[in-house]
K.L.:
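I'd like to ask some things about the structure below.
First the proteins, then the strands, lettered A, B, ... as listed; each starts at 1. For the numbers below, each heavy atom of this structure counts, side chains included, while hydrogens, waters and symmetry mates do not. Please read all numbers here as calculations on a predicted model, not as lab measurements.
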Protein chains: 2
Amino acid sequence: MADGTSERVRPRDRILETAQDMFHKHGIKGVGVDAITEAAGTNKMTLYRHFESKDDLIIECLRATASKAGAMWDAFETEYPGDKLAQLHAWVRKAAEMLSADSRGCDMANAAIELSETDHPARRVIKELKDAQRERLVNLCREAGVGQAELLADTLSLLLEGARVSLQSVGAEGPSAQFVRMAEGLIASFKAR
Amino acid sequence: MADGTSERVRPRDRILETAQDMFHKHGIKGVGVDAITEAAGTNKMTLYRHFESKDDLIIECLRATASKAGAMWDAFETEYPGDKLAQLHAWVRKAAEMLSADSRGCDMANAAIELSETDHPARRVIKELKDAQRERLVNLCREAGVGQAELLADTLSLLLEGARVSLQSVGAEGPSAQFVRMAEGLIASFKAR
DNA sequence: TCGTGAAGTTACAGATCGGTAACACCCTAG
DNA sequence: CTAGGGTGTTACCGATCTGTAACTTCACGA
């Protein structure tokens with residue numbers, strides 16, 4: 001049975017994949033390494049042979065999810081090569097899509113909230129990855145030909161971030177339901193300058 | 001010394017106050033009941049004489065913070081009696097103020113993220129309180145005379161929610177720095193219809 | 001075929017967690 | 001003065017947590 005837990009996948013990759021999923025669903029402090037290794041069809045010793053500590057695993061998971069998000073951006077360029085405005089609209093659609101399916105929000109933002117210790121090693125990684133995503137959205141807005149690209153990108157960022165957390169506190173019928181309308185309205189109003 | 005921990009304050013109130021503060025700073029799963037009672041200058045037994053469980057304490061803390069937020073709203077009405085538009089601007093200023101000082105975001109949203117169990121008793125309380133706050137902002141927008149009051153209120157909600165979480169992942173120099181500009185621009189554009 | 005290294009297994013250490021039992025204390029209302 | 005309720009203290013339970021040690025098993029390549 002190709003259930004992805006055993007098969008021909010290296011234990012390290014199974015652990016990484018399973019940890020991403022479980023951290024996302026139950027939160028970082030809500031899942032222990034025992035539960036991860038068991039779900040990954042392996043054991044604790046193997047985990048600690050591949051990762052220095054749980055914190056190290058957390059960081060690798062964050063990098064992996066950021067890498068997946070990066071692949072999404074590449075898909076926009078592939079689908080609408082050169083047409084940056086179309087890519088921006090695709091970004092909005094994709095964001096909205098994730099708002100309905102994935103109801104547990106952004107892993108990096110959630111981690112930033114959960115890991116309140118200011119010196120936690122994951123915090124600098126989170127900032128690093130989030131900063132990169134911000135720059136990418138700013139560039140997309142700029143190249144899409146809107147004035148005040150930074151302001152539009154930051155506004156869209158906050159809207160999406162807010163929608164993701166709102167989804168978790170009040171559900172899908174809350175303010176996040178209007179995300180697409182808000183985002184498209186903003187883009188239109190920034191375009192018209 | 002009136003440090004608020006002993007004095008003439010009932011143990012229950014000291015625990016509630018201390019727990020609010022510590023949950024806010026370190027997160028719910030990041031602080032144990034022992035730490036709370038010690039910081040409150042009392043002990044675990046006294047805590048469990050006043051609260052059924054830690055979950056019960058969490059819920060009472062959320063209600064208390066929501067009540068404080070409600071007091072802020074009343075202050076707006078007191079300061080600008082009848083002038084709903086001025087109250088809306090005051091809301092924006094207050095929100096921005098909390099974005100710089102209080103760097104750990106909204107307790108209810110943070111709790112919703114931390115308590116990922118869908119059947120956690122605090123979740124319904126969070127939704128209940130957040131829904132009430134939403135309704136209050138919608139009413140304020142409506143009475144301030146803007147068209148599409150719900151859409152403006154929801155957009156402002158998402159912006160603030162997003163700013164609060166962004167503050168924790170990328171810091172004060174991130175997108176949240178532009179919150180006032182975004183919010184005021186939105187209000188102006190909704191007014192001009 | 002044999003050796004090597006990765007992976008699985010079991011057991012454990014040490015700490016922390018939420019929650020409870022039993023008992024001593026002290027302030028205050030009657 | 002006295003009785004009682006709220007409080008403090010200590011010790012404990014059982015569960016769970018991260019992380020490690022020692023040993024066995026297995027697959028693969030020379």
Side-chain angles (χ1 to χ4, degrees), chain A residues 1 3-23 25-62 111 114-117 119-123, chain B residues 3-23 25-62 111 114-117 119-123 125:
Chain A
M1 275 154 266
D3 60 357
T5 60
S6 48
E7 218 179 346
R8 266 301 124 187
V9 186
R10 292 278 178 211
R12 186 183 195 279
D13 297 326
R14 272 159 31 210
I15 291 171
L16 205 53
E17 199 73 24
T18 308
Q20 274 181 261
D21 184 56
M22 296 187 73
F23 283 154
K25 283 183 186 148
H26 312 298
I28 291 177
K29 297 194 180 175
V31 53
V33 292
D34 274 316
I36 293 172
T37 56
E38 188 188 337
T42 177
N43 54 72
K44 195 156 50 170
M45 273 311 302
T46 301
L47 187 151
Y48 281 102
R49 286 190 189 107
H50 289 288
F51 302 94
E52 285 186 10
S53 61
K54 184 183 181 183
D55 284 349
D56 185 37
L57 175 62
I58 292 168
I59 290 175
E60 292 304 314
C61 283
L62 291 176
E114 267 196 282
L115 309 175
S116 54
E117 309 93 327
D119 62 338
H120 195 288
R123 294 196 72 88
Chain B
D3 61 356
T5 59
S6 49
E7 215 181 348
R8 265 303 124 186
V9 186
R10 291 279 179 210
R12 187 181 195 280
D13 297 325
R14 272 154 36 204
I15 291 171
L16 204 54
E17 198 74 23
T18 307
Q20 274 182 261
D21 184 57
M22 296 186 73
F23 284 153
K25 284 183 186 148
H26 312 299
I28 290 177
K29 296 194 181 174
V31 54
V33 292
D34 275 315
I36 292 172
T37 54
E38 187 188 337
T42 177
N43 54 71
K44 197 155 49 170
M45 271 312 303
T46 301
L47 187 152
Y48 281 102
R49 287 189 189 109
H50 290 288
F51 303 93
E52 284 185 11
S53 61
K54 185 184 180 182
D55 285 348
D56 185 35
L57 175 63
I58 292 167
I59 289 174
E60 291 304 314
C61 283
L62 291 175
E114 269 198 282
L115 309 176
S116 54
E117 308 93 328
D119 61 339
H120 194 289
R123 294 195 72 88
V125 178

K.L.:
Counting heavy atoms from C-beta on, name the nucleotide in C:dA21, D:dG8, C:dG8 closest to the side chain of B:Arg14.
P.N.:
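Among C:dA21, D:dG8, C:dG8, the one nearest the side chain of B:Arg14 is D:dG8.
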
K.L.:
With A:Arg49, which residues qualify under side chain to side chain contact (heavy atoms under 4.5 Å, CB included), at least two apart?
P.N.:
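So A:Arg49 forms a side chain to side chain contact (heavy atoms under 4.5 Å, CB included) with A:Met45, A:Thr46.
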
K.L.:
Find the distance A:Arg10:CZ to D:dC26:C1' and express it as a whole number of Å.
P.N.:
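The answer, rounded to whole Å, is 13 Å.
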
K.L.:
If you count heavy atoms of other groups shown closer than 6.0 angstrom to CD of B:Glu38, is the number above 12?
P.N.:
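Result for CD/B:Glu38: open.
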
K.L.:
In whole Å, what is the span from the NZ atom of A:Lys29 to the C1' atom of C:dT16?
P.N.:
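After rounding, the gap between these two atoms is 13 Å.
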
K.L.:
Would you mind reading off the distance between B:Glu38 atom CD and D:dG8 atom P, rounded to a whole angstrom?
P.N.:
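Checked: the CD to P distance equals 13 Å.
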
K.L.:
When you get a sec, tell me which of D:dT7, D:dG8, D:dT20 is the closest nucleotide to the side chain of B:Thr42?
P.N.:
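My answer, after comparing the listed nucleotides, is D:dG8.
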
K.L.:
Taking only residues two or more places apart in sequence, or in another chain, which ones meet A:Asp21 in a salt bridge (charged side-chain N to carboxylate O under 4.0 Å, His left out)?
P.N.:
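Here the qualifying residues are A:Lys25.
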
K.L.:
Can you tell me if the side-chain N/O atoms of B:His50 get under 4.0 Å from OP1 or OP2 in D:dT7?
P.N.:
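The answer is yes; a side-chain N or O of B:His50 sits under 4.0 Å from OP1 or OP2.
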
K.L.:
Write down the distance between CZ (A:Phe51) and P (C:dA6), rounded to a whole number of angstrom.
P.N.:
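After rounding, the gap between these two atoms is 15 Å.
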
K.L.:
Polar atom pairs between nucleotides 15-19 of chain D and protein, under 3.5 Å, N or O only, would you list them?
P.N.:
residue: D:dT18; atom: OP1; partner: A:Lys54; partner atom: NZ; Å: 2.8
residue: D:dT18; atom: OP2; partner: A:Val33; partner atom: N; Å: 2.9
residue: D:dG19; atom: OP2; partner: A:Tyr48; partner atom: OH; Å: 2.8
residue: D:dG19; atom: OP2; partner: A:Lys54; partner atom: N; Å: 2.8
residue: D:dG19; atom: N7; partner: A:Lys44; partner atom: NZ; Å: 3.1
residue: D:dG19; atom: O6; partner: A:Lys44; partner atom: NZ; Å: 2.4

K.L.:
For A:Asn43 and D:dA21, give me the distance from atom CG to atom C1', rounded to whole Å.
P.N.:
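Roughly 14 Å, once rounded to whole Å.
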
K.L.:
What nucleotide among D:dT7, C:dA7, C:dA21 has an atom nearest to a side-chain atom of B:Arg49?
P.N.:
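Comparing D:dT7, C:dA7, C:dA21 against the side chain of B:Arg49, the answer is D:dT7.
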
K.L.:
In chain order, what residues pass the side-chain hydrogen bond (donor to acceptor under 3.5 Å, both in side chains) check against B:Asp56, with sequence neighbours excluded?
P.N.:
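Checked B:Asp56 against side-chain hydrogen bond (donor to acceptor under 3.5 Å, both in side chains); zero matches.
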
K.L.:
Does B:Glu17 have any side-chain hydrogen bond (donor to acceptor under 3.5 Å, both in side chains) partners at least two apart in sequence or in another chain, and if so, which?
P.N.:
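Checked B:Glu17 against side-chain hydrogen bond (donor to acceptor under 3.5 Å, both in side chains); matches are B:Lys68.
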
K.L.:
Measure from CD1 on B:Ile15 to P on D:dG6 and round the result to the nearest Å.
P.N.:
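So the CD1-P distance, B:Ile15 to D:dG6, works out to 14 Å.
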
K.L.:
How many whole angstroms separate atom CG of A:Leu47 from atom P of D:dT20?
P.N.:
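Rounded to whole Å, this separation is 11 Å.
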
K.L.:
Any side-chain N or O of B:Thr46 under 4.0 Å from OP1/OP2 of D:dT7?
P.N.:
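Answer is no, no contact under 4.0 Å.
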
K.L.:
Can you name the residues that form a salt bridge (charged side-chain N to carboxylate O under 4.0 Å, His left out) with B:Asp34, not counting sequence neighbours?
P.N.:
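Partners of B:Asp34 under the salt bridge (charged side-chain N to carboxylate O under 4.0 Å, His left out) test: B:Lys44.
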
K.L.:
Would you check if A:Val31 and A:Ile36 make a side-chain contact, meaning some heavy-atom pair closer than 4.5 Å?
P.N.:
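The answer is yes, as the side chains (C-beta and beyond) meet within the 4.5 Å cut-off.
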
K.L.:
For B:Met45 and D:dG5, what is the distance between atoms CE and P respectively, to the nearest whole Å?
P.N.:
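The answer, rounded to whole Å, is 16 Å.
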
